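Quick caveat, the model's predicted, so the values are computed rather than measured. Chain identifiers are assigned alphabetically (A, B, ...) following the order of the sequence lines, protein sequences preceding nucleic acid strands; residue numbering begins at 1 within each chain.
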2 protein chains.
Amino acid sequence: MLDVSLIANLPPFADIAKDALQDLLKQAKPVRFNRNDYIFSAGEPADSFFLLLDGYIRVVRVTPDGEQVIARYISAGELFGVAQALGRDTYPANAVAAADCVVLRWPGDIWPEVISRSPTFATNTYHMVGERLQDAQDRIVEMATERVEQRVAHAIVKLADQTGRKTDDGIVIDFPLSRQDISEMTGTTLHTVSRLMSAWEQAGMVKSGRQKITVTEHDRLVTLANHPKE
Amino acid sequence: MLDVSLIANLPPFADIAKDALQDLLKQAKPVRFNRNDYIFSAGEPADSFFLLLDGYIRVVRVTPDGEQVIARYISAGELFGVAQALGRDTYPANAVAAADCVVLRWPGDIWPEVISRSPTFATNTYHMVGERLQDAQDRIVEMATERVEQRVAHAIVKLADQTGRKTDDGIVIDFPLSRQDISEMTGTTLHTVSRLMSAWEQAGMVKSGRQKITVTEHDRLVTLANHPKE
DNA sequence: CGAAGCCTTGATGCGCCTCAACGTACGTGG
DNA sequence: CCACGTACGTTGAGGCGCATCAAGGCTTCG
């Protein structure tokens with residue numbers, strides 16, 4: 001049996017009674033995924049929602065002509081795939097394991113009951129959606145007003161802050177991340193990202209290798225990210 | 001006294017008991033705004049939420065260096081300014097009357113009570129937020145993958161569908177909308193928008209004058225919007 | 001009637017995409 | 001464990017889409 005301590009300290013479940021959590025856990029099914037596995041795909045019936053216990057997940061939209069756009073990265077402790085709760089009957093995007101993952105899965109139709117049983121969960125998730133909406137709007141503003149260099153800097157700073165692990169060299173992003181991934185987060189090409197990374201490495205602000213990025217001078221990167229056009 | 005029929009048929013209040021609506025209305029205060037008035041500004045304490053009864057409202061973000069980005073347009077019947085319900089204590093954007101408006105205003109702190117009294121309202125608004133999140137994500141994808149011409153076409157088609165009035169000439173957008181406004185919706189400049197509109201007018205797809213746009217060939221505009229590069 | 005706001009149109013330049021070629025690290029199967 | 005194939009990364013050359021700069025016309029309103 002899964003233990004309540006697994007999830008009791010996670011933001012989505014803040015302030016929820018222990019026995020309510022116990023109940024919730026009884027209905028959850030733990031699942032493992034290997035890197036690059038699909039947790040769900042866009043268009044599938046949205047019959048479950050999920051909690052990420054360990055690993056990282058990439059949420060990706062694909063355009064009609066096959067281009068990929070990364071909507072967000074999910075870190076451990078976050079809910080995802082809550083499409084049904086938001087009134088959709090299919091998932092709007094793909095969810096791919098960006099690293100090996102452990103996930104809890106619930107049947108989507110218990111959501112209304114959970115909400116009504118635990119008002120705190122209701123407001124917690126309400127706030128979560130609010131934050132994601134906020135996030136999305138921020139990105140729209142970025143895309144509309146910033147140049148590529150700033151957007152890429154922003155993206156990397158955000159990932160470093162969200163997932164970074166401290167090392168001797170600096171802050172390293174905790175999962176494999178390619179130039180192409182970054183370009184799909186920022187609406188540019190892998191070529192441009194590569195050039196930027198080379199320049200920044202030259203300047204001593206980052207170190208980077210194959211699918212691996214270390215931020216060595218966080219502050220300068222932030223400055224760059226906020227620097228309006230010349 | 002305000003009559004229940006004012007709001008009973010609006011989507012946010014679908015399936016809510018008449019007496020609950022009556023209660024809700026008692027706490028609402030109707031307010032008028034003239035075109036270009038501010039309903040609220042970014043950064044102000046989010047102490048109210050609103051329903052638009054008549055008119056149109058533009059939700060605008062302003063960047064640190066003064067550039068404007070239009071997040072969305074609100075049409076009659078929609079809720080807006082629900083920041084507090086989403087866990088924010090200040091409004092994240094400006095709300096400006098795009099036309100003369102009539103608005104209902106509620107104190108934000110009654111939200112939790114309304115939610116608990118009317119589960120239907122809770123799910124209705126949950127879905128509304130879900131739709132807006134969806135919308136925002138769609139726009140991110142657009143900004144990341146489409147060229148200016150397609151984005152502008154998309155924006156105009158959306159506005160025509162959302163607010164259009166049928167006339168002999170075609171579908172006319174129901175409120176004053178300048179080239180600059182369109183450029184702030186799509187992340188381009190008023191110059192580029194002007195050139196596009198001229199070209200489209202030449203081609204017979206739209207007619208446009210000072211802050212006024214009529215879509216004469218909806219289908220061709222949609223085709224243009226969906227046409228991938230070359 | 002003047003001033004301010006909105007729109008148009010041309011000329012110019014550059015940021016970034018595109019196309020192309022090559023180098024390098026990974027992992028997989030014999 | 002090595003060899004090969006594939007995925008990832010780098011760097012250059014060239015060109016185009018769109019921002020920028022500039023100037024002028026038209027409408028609306030005080």
Side-chain angles (χ1 to χ4, degrees), chain A residues 34-36 58 63 65-69 96 98-100 142-153 155-156 173 175-203 206-214 224 227-230, chain B residues 34-36 63 65 67-69 96 98 142-153 155-156 173 175-203 206-214 224 227-230:
Chain A
N34 294 319
R35 189 158 117 73
N36 294 329
R58 181 168 58 235
T63 64
D65 52 305
E67 282 189 274
Q68 314 231 120
V69 176
V96 186
D100 294 347
E142 275 184 29
M143 302 276 303
T145 63
E146 297 180 355
R147 285 167 304 120
V148 166
E149 185 176 35
Q150 299 172 66
R151 299 206 303 268
V152 173
I156 291 182
I173 292 176
F175 56 89
L177 184 72
S178 71
R179 306 288 185 257
Q180 170 111 15
D181 291 333
I182 298 172
S183 74
E184 288 173 358
M185 299 179 67
T186 52
T188 179
T189 61
L190 71 159
H191 308 277
T192 299
V193 173
S194 179
R195 282 181 239 271
L196 287 172
M197 299 295 298
S198 297
W200 293 345
E201 181 136 20
Q202 205 90 55
V206 302
K207 289 186 181 181
S208 80
R210 191 187 177 79
Q211 305 202 85
K212 177 160 175 284
I213 295 176
T214 310
L224 225 178
H227 206 54
K229 100 185 46 175
E230 207 35 36
Chain B
N34 294 319
R35 188 158 117 73
N36 294 330
T63 65
D65 53 304
E67 280 188 276
Q68 315 231 121
V69 177
V96 185
E142 274 185 28
M143 302 275 302
T145 63
E146 296 179 356
R147 285 167 305 119
V148 167
E149 185 175 34
Q150 298 172 68
R151 299 206 302 269
V152 173
I156 292 182
I173 292 176
F175 56 88
L177 184 71
S178 71
R179 306 289 185 258
Q180 170 108 19
D181 291 332
I182 297 172
S183 73
E184 289 173 358
M185 299 179 68
T186 51
T188 179
T189 61
L190 72 161
H191 309 278
T192 299
V193 173
S194 180
R195 281 182 240 272
L196 287 172
M197 298 296 297
S198 296
W200 293 344
E201 181 136 20
Q202 205 90 54
V206 304
K207 287 186 183 179
S208 79
R210 191 189 177 78
Q211 305 201 84
K212 176 160 176 285
I213 295 175
T214 309
L224 225 177
H227 205 52
K229 100 184 43 176
E230 204 36 37

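Atom CD in A:Glu146 sits roughly 16 Å away from atom P in C:dG15 (whole-Å rounding). As a whole-Å value, the separation of A:Glu149 CD from C:dC14 C1' is 15 Å. In this structure, A:Gln211 atom CD and C:dG27 atom C1' are separated by 13 Å, rounded to whole Å. Between the C1' atom of C:dC6 and the CD1 atom of B:Ile213 lies a distance of 13 Å, rounded to the nearest Å. Separating the CZ atom of B:Arg151 from the P atom of D:dG17 is a distance of 14 Å, rounded to the nearest angstrom. The separation between A:Lys212 atom NZ and D:dT10 atom C1' is 18 Å, rounded to whole Å. Atoms CZ (B:Arg147) and C1' (D:dC16) sit 11 Å apart, rounded to a whole Å. In this entry the distance linking CH2 of A:Trp200 with C1' of D:dG9 reads 16 Å, nearest Å.
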_Step-by-step side chain to side chain contact (heavy atoms under 4.5 Å, CB included) determination, A:Leu196 to A:Val148_ = CA-CA 9 Å; A:Leu196 287 172; A:Val148 166; 4.1 Å; yes

Open item on the list: Working note: B:Val69 + B:Glu184, criterion side chain to side chain contact (heavy atoms under 4.5 Å, CB included); need CA distance, chi angles, decisive distance, verdict.
Closed with: CA-CA 5 Å; B:Val69 177; B:Glu184 289 173 358; 5.9 Å; no

Task: Check against side chain to side chain contact (heavy atoms under 4.5 Å, CB included), A:Asn36 and A:Arg58 - done: CA-CA 9 Å; A:Asn36 294 329; A:Arg58 181 168 58 235; 4.3 Å; yes

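Scanning residues 176-193 of chain A for heavy-atom distances under 4.0 Å to DNA chain C yields A:Gly187, A:Thr188, A:Thr189, A:His191, A:Thr192.
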Letter by letter from the 5' end, nucleotides 24-30 of chain D scores (B base, S sugar-phosphate only, - none; protein heavy atoms under 4.0 Å) ----S--

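Here the side chains of A:Trp200 and A:Val152 are in contact, with some heavy-atom distance below 4.5 Å. Between A:Ile213 and A:Met197 there is a side-chain heavy-atom pair separated by less than 4.5 Å.
Relative to the axis of its first five pairs, the axis of the last five pairs of the helix from C:dC1-D:dG30 to C:dG30-D:dC1 sits at 40°, rounded to 10 degrees.
The CD atom of A:Gln211 sits 10.5 Å away from atom CD of A:Gln180, with the distance rounded to the nearest 0.5 Å. Between the CD atom in A:Gln68 and the CG atom in A:Asp181 there is a gap of 9.0 Å [rounded to 0.5 Å]. If you take OG on B:Ser208 and CG on B:Leu177, they are separated by 10.0 Å, rounding to the nearest 0.5 Å. Within the model, atoms CZ of B:Arg151 and CD1 of B:Ile182 stand 13.5 Å from one another, a figure rounded to the nearest 0.5 Å.
Between A:Gln150 and A:Leu224, the shortest heavy-atom contact is CG-O, 3.7 Å.
One N or O on the side chain of A:Asp100 and one on the backbone of A:Arg35 form a donor-acceptor pair closer than 3.5 Å.
One donor-acceptor pair, N or O on each side, does fall under 3.5 Å between the base of C:dG10 and the side chain of B:Arg195.
If you check every strand for non-hydrogen atoms under 4.0 Å, B:Ser198 touches sugar and phosphate atoms only.
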